[in-house]
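Contents: one structure, followed by commentary.
Sequential numbering from 1 along the given sequence is applied to the chain's residues. Predicted model, so just to flag it, every value in this text is computed and none were measured.
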Amino acid sequence: MKNPVNFLSLSAIAAVALAGTAFAAANDTTVAFSTKGPDKYADGSVIMDGECYALVWTPKGSAGVTVAADGSASGGEIVLVAPVARGGRCPKVFFEVDADDMSSKYVDGSWSVLLLDTRRWGADGSVRPAGTVGGKVRLVNATGAVAGGDVKIASGSAAASSLASGSAAVASSATAVPAGVPQPCITGIRVDGANVFVSVKGTVPYLQYGLSEGKTPDAVSKCTDSAPQTGAAAADEEIVLVAPAKKGSSFFKVGRQ
């Protein structure tokens with residue numbers, strides 16, 4: 001081993017830093033939450049490993065927190081997003097809230113937990129939770145409240161009380177679409193073998209898009225045989241939606257899935 005003295009010194013410094021952090025957190029407030037599961041998406045499927053739960057603060061007088069598809073919130077604050085789902089449930093999560101924040105920001109209100117549907121559909125048909133970027137969630141299809149009442153908290157070294165849902169959570173409430181979202185534009189349609197390929201521009205990366213089909217423009221309905229796809233990262237980038245080709249002419253529309 002090269003330079004073992006320096007290696008040991010670095011280890012000692014890290015240990016001192018961790019001890020200091022633990023001491024500084026002694027007066028913080030701990031919030032604990034979990035679910036019993038199996039928690040599900042709106043389509044009835046059990047949530048995927050790595051799916052997200054959100055710890056939410058709602059101030060007194062608010063009608064409730066509204067979460068938008070891009071992860072922004074109004075009427076309250078998403079304090080923590082935890083991408084921790086395992087085996088269809090949320091394991092017990094302990095979250096320390098800074099003591100200064102508890103005495104200033106989080107006064108006269110309530111805590112709650114939401115199950116988030118952050119599934120992202122790829123062009124190859126793969127599906128996975130979008131997870132977080134820098135601790136923030138950037139894609140939310142739907143939310144569902146974790147039942148069980150207000151989150152109870154504990155200060156200092158006291159044991160944290162836990163919000164444990166007595167029933168399974170379901171992410172069934174579609175998120176709001178943020179203002180200014182562009183309308184998707186069909187840029188091309190082609191038939192190849194048994195499928196129709198529809199090229200689309202003007203999508204955003206926090207919405208899922210799918211096809212509606214009908215014999216007339218006024219008679220289109222959701223095309224259940226086509227797979228949804230998450231929007232493109234850039235406005236000028238195309239995505240391609242695929243549906244089975246049917247006899248006769250058809251009209252297609254593209255919209256949020």
Side-chain angles (χ1 to χ4, degrees), residues 41-45 47-48 50-52 54 65-74 78 81 114-134 136-144 171-257:
Y41 298 115
D43 60 13
S45 60
I47 60 171
M48 304 177 74
E51 191 53 276
C52 296
V65 175
T66 299
V67 180
D70 61 355
S72 59
S74 59
I78 298 176
V81 179
L114 296 176
L115 166 64
L116 308 181
D117 176 354
T118 70
R119 287 175 296 174
R120 177 191 297 273
W121 278 262
D124 60 355
S126 61
V127 184
R128 61 180 177 82
T132 57
V133 178
K136 304 291 185 181
V137 63
R138 307 296 187 188
L139 183 161
V140 185
N141 303 309
T143 66
S172 58
S173 299
T175 50
V177 176
V181 172
Q183 289 292 324
C185 175
I186 294 176
T187 56
I189 300 178
R190 66 182 177 87
V191 178
D192 189 346
N195 295 307
V196 177
F197 294 77
V198 181
S199 300
V200 184
K201 281 189 176 181
T203 61
V204 291
Y206 49 81
L207 292 179
Q208 319 299 333
Y209 296 86
L211 291 173
S212 296
E213 180 184 9
K215 294 299 182 183
T216 67
D218 296 329
V220 295
S221 59
K222 183 177 178 181
C223 185
T224 56
D225 293 333
S226 67
Q229 188 176 332
T230 299
D236 60 349
E237 183 181 342
E238 286 185 337
I239 64 172
V240 178
L241 301 172
V242 184
K246 298 179 181 179
K247 291 183 178 180
S249 59
S250 293
F251 291 86
F252 291 95
K253 287 185 179 179
V254 177
R256 184 186 186 185
Q257 188 80 334

Item to check | side-chain hydrogen bond (donor to acceptor under 3.5 Å, both in side chains) partners for Ser72, two or more places apart | outcome: Asp70

Checklist entry - Does Arg138 have any side-chain contact (heavy atoms from CB on, under 4.5 Å) partners at least two apart in sequence or in another chain, and if so, which? => result Val133, Lys136

Checklist entry - How would you list, by chain and number, every residue that makes a side-chain contact (heavy atoms from CB on, under 4.5 Å) with Ala174, sequence neighbours excluded? => result none

Checklist entry - Would you say Glu213 and Phe252 make side-chain contact, with heavy atoms under 4.5 Å? => result yes

Item to check | Value rounded to 0.5 Å, distance of CG in Leu211 from CD1 in Ile186 | outcome: 7.0 Å

Checklist entry - Quick one: side-chain hydrogen bond (donor to acceptor under 3.5 Å, both in side chains) partners of Thr203, sequence neighbours excluded? => result none

Checklist entry - Trp121 and Gln208: which non-hydrogen atoms are nearest, and at how many Å? => result CE3-OE1, 3.4 Å

Item to check | Residue list, side-chain contact (heavy atoms from CB on, under 4.5 Å) with Ala69, at least two apart or on another chain | outcome: Thr175, Pro178, Tyr206, Leu207, Arg256

Item to check | Residues that Ala123 engages under side-chain contact (heavy atoms from CB on, under 4.5 Å), provided they are two or more places apart | outcome: Gln229

Checklist entry - In chain order, what residues pass the side-chain hydrogen bond (donor to acceptor under 3.5 Å, both in side chains) check against Thr143, with sequence neighbours excluded? => result none

Checklist entry - Quick one: are Tyr209 and Val200 in side-chain contact, heavy atoms under 4.5 Å? => result no

Checklist entry - Who are the side-chain hydrogen bond (donor to acceptor under 3.5 Å, both in side chains) partners of Thr187, not counting sequence neighbours? => result Glu238

Next on the checklist: Tell me which pairs pass salt bridge (Lys or Arg N to Asp or Glu O under 4.0 Å) where either residue lies in residues 119-130, with sequence neighbours left out.
Outcome noted: Asp43-Arg119, Asp117-Arg119

Checklist outcome for this item: residues 194-211 vs salt bridge (Lys or Arg N to Asp or Glu O under 4.0 Å), sequence neighbours excluded, gives none

